[in-house]
Amino acid sequence: MLFLCCNRTKAKQGDDATSQFDTKPEVFPHSSPDKTAQPLSTKLAATMDAPSTPIHNWEDIPDNTDLPPPPAHAYLYSNTGNASEEDAERAHDFCDNTPLVQPRAPSPAVYQAVQEGNHHPTKAAEYSGSLFSKNGRWRGETPSGNRDCIVWTNAPMYFAKNDSPLVTERRKTIYFEVKLMGLTGGTPTQTPGFSIGYIAQPYPTWRSPGWERGSLGVFSDDGCRFVNDSFGGKEFTTEFQIGETVGLGMTFYRVGETPPQTAPRPPNIDGTMDSFAVKVFFTRDGKVAGSWDLHEEIDEDQGSIHGLEGDFDLHGAIGFFGGVEFQACFDPSGWLWSPSDI
């Protein structure tokens, strides 16, 4: 709740405070009448006929179409489920002591397979369910009560040495989709679900994408988005529905072709501007349902976006908590969304 306080104007120091309210008329010396003075009625008529200063219409709504969207509301914890503090501390120690690996150039065969969406899954030791894949299409199921874990693409979807706009001088988009087939188990305080996102390696396999450094994700249980956020995330969309297909993409732009309402990356330490912007977009059943600029709202209270700005390799990743049945598609021919919609 916002409280407003209005202070009365104080009298100057040394003045009699009651003089502000003294209504005694001021006495002027007697002067002879001005024979050229106009009658009062004539003065009033002239005043009424004079053009008046236009009055500002405070009901007018200013045009704010060019302004960036307001900041998303952030949460300290989730209302649908939270990981253990022990797991979080273990993950923080892992990230603090394990730097991100430097980008590597893939072989021509590997790079071609990635462009065709032929990704194979790599599952965490904590993943105890079934998982099958063929030609870039996965299907799997985790059992009720399965602890937090991730599955990620065996090869990066984004290779910094090959795909960076600073190298190619053109934009690069990565994208994949996940269909929620079913949910099992859960308690009043722990809702089963999954998150769709991207990670830079190495990443703690017991943490969903978006919770630790070099990662981002959108969660099915509450629709919040996370970017290196171990708390409750930020408002973004609504919870996912069983039978619905969601997708998540990242587009890396050169500074010269930065789209509207997307903030360019800050200058480098040496003052140069050889960086680019990153837009993250989210789809529901093939339609874009939301997006955000990776560099928005970055301050001392927000997690670092290190590893996500296009200078490290990025893998597609799906995080699971509880019993989830799903299908994932990395093959562009199977997407509900079309790249022409960018």
When you measure from the side chain of [X] to the backbone of [Y], do you find a donor-acceptor pair of N or O atoms at a distance under 3.5 Å?
{"X": "Asp313", "Y": "Arg104", "value": "yes"}
{"X": "Ser220", "Y": "Gly193", "value": "no"}
{"X": "His315", "Y": "Ile199", "value": "no"}
{"X": "Asp285", "Y": "Thr245", "value": "yes"}
{"X": "Trp138", "Y": "His119", "value": "yes"}

*asked:* Name the residue from Trp152, Tyr158, Phe176 that meets the ring pair (Phe, Tyr, Trp, His ring centres under 6.0 Å) definition with Tyr198.
replied: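 Passing option: Phe176.
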_Cluster link Met181 to Ile242, ILVMFWY, side chain under 4.5 Å_ =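 In one cluster with Met181: Ile242, no.
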*Measure up the Phe326 and Phe320 rings against each other and bin them: parallel (under 30°), tilted (30 to 60°), perpendicular (over 60°).*
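If you compare the ring of Phe326 with that of Phe320, the planes turn out tilted.
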*Between Tyr175 and Phe281, how do the two ring planes meet: parallel, tilted or perpendicular, split at 30° and 60°?*
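It falls in the parallel class, under 30°.
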Non-hydrogen side-chain atoms of [X] and [Y] separated by less than 4.5 Å:
{"X": "Ile305", "Y": "Val278", "value": "no"}
{"X": "Trp211", "Y": "Tyr203", "value": "yes"}
{"X": "Phe252", "Y": "Asp163", "value": "no"}

*Between Ser215 and Arg207: side-chain donor-acceptor atoms closer than 3.5 Å*: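 No - no donor-acceptor pair under 3.5 Å links their side chains.
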*Looking at OG of Ser230 and CZ of Arg213, how far apart are the two atoms once the value is rounded to the nearest 0.5 Å?*
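Interatomic distance, Ser230 OG to Arg213 CZ, rounded to 0.5 Å: 12.0 Å.
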*Which value, rounded to the nearest 0.5 Å, describes the distance between Leu216 atom CG and Asp229 atom CG?*
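CG of Asp229 is found 11.5 Å from CG of Leu216.
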*Under the ring pair (Phe, Tyr, Trp, His ring centres under 6.0 Å) rule, what do Phe194 and Tyr127 come out as? Steps first, then yes or no, please.*
CA-CA 13 Å; Phe194 74 94; Tyr127 186 97; over 10 Å; no
_Is it the case that atom CZ in Arg147 sees more than 12 heavy atoms from other parts of the structure closer than 6.0 Å?_
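Counting neighbours around CZ of Arg147, 12 or fewer heavy atoms of other residues, nucleotides or ligands fall under 6.0 Å, so no.
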_Taking CZ in Arg284 as the centre, count heavy atoms belonging to other residues, nucleotides or ligands within less than 6.0 Å. Is the count above 12?_
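Enclosed: over 12 neighbouring heavy atoms sit under 6.0 Å from CZ of Arg284.
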*Lys/Arg-Asp/Glu bridge criterion (N-O < 4.0 Å) met for Asp93, Arg90*: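 No.
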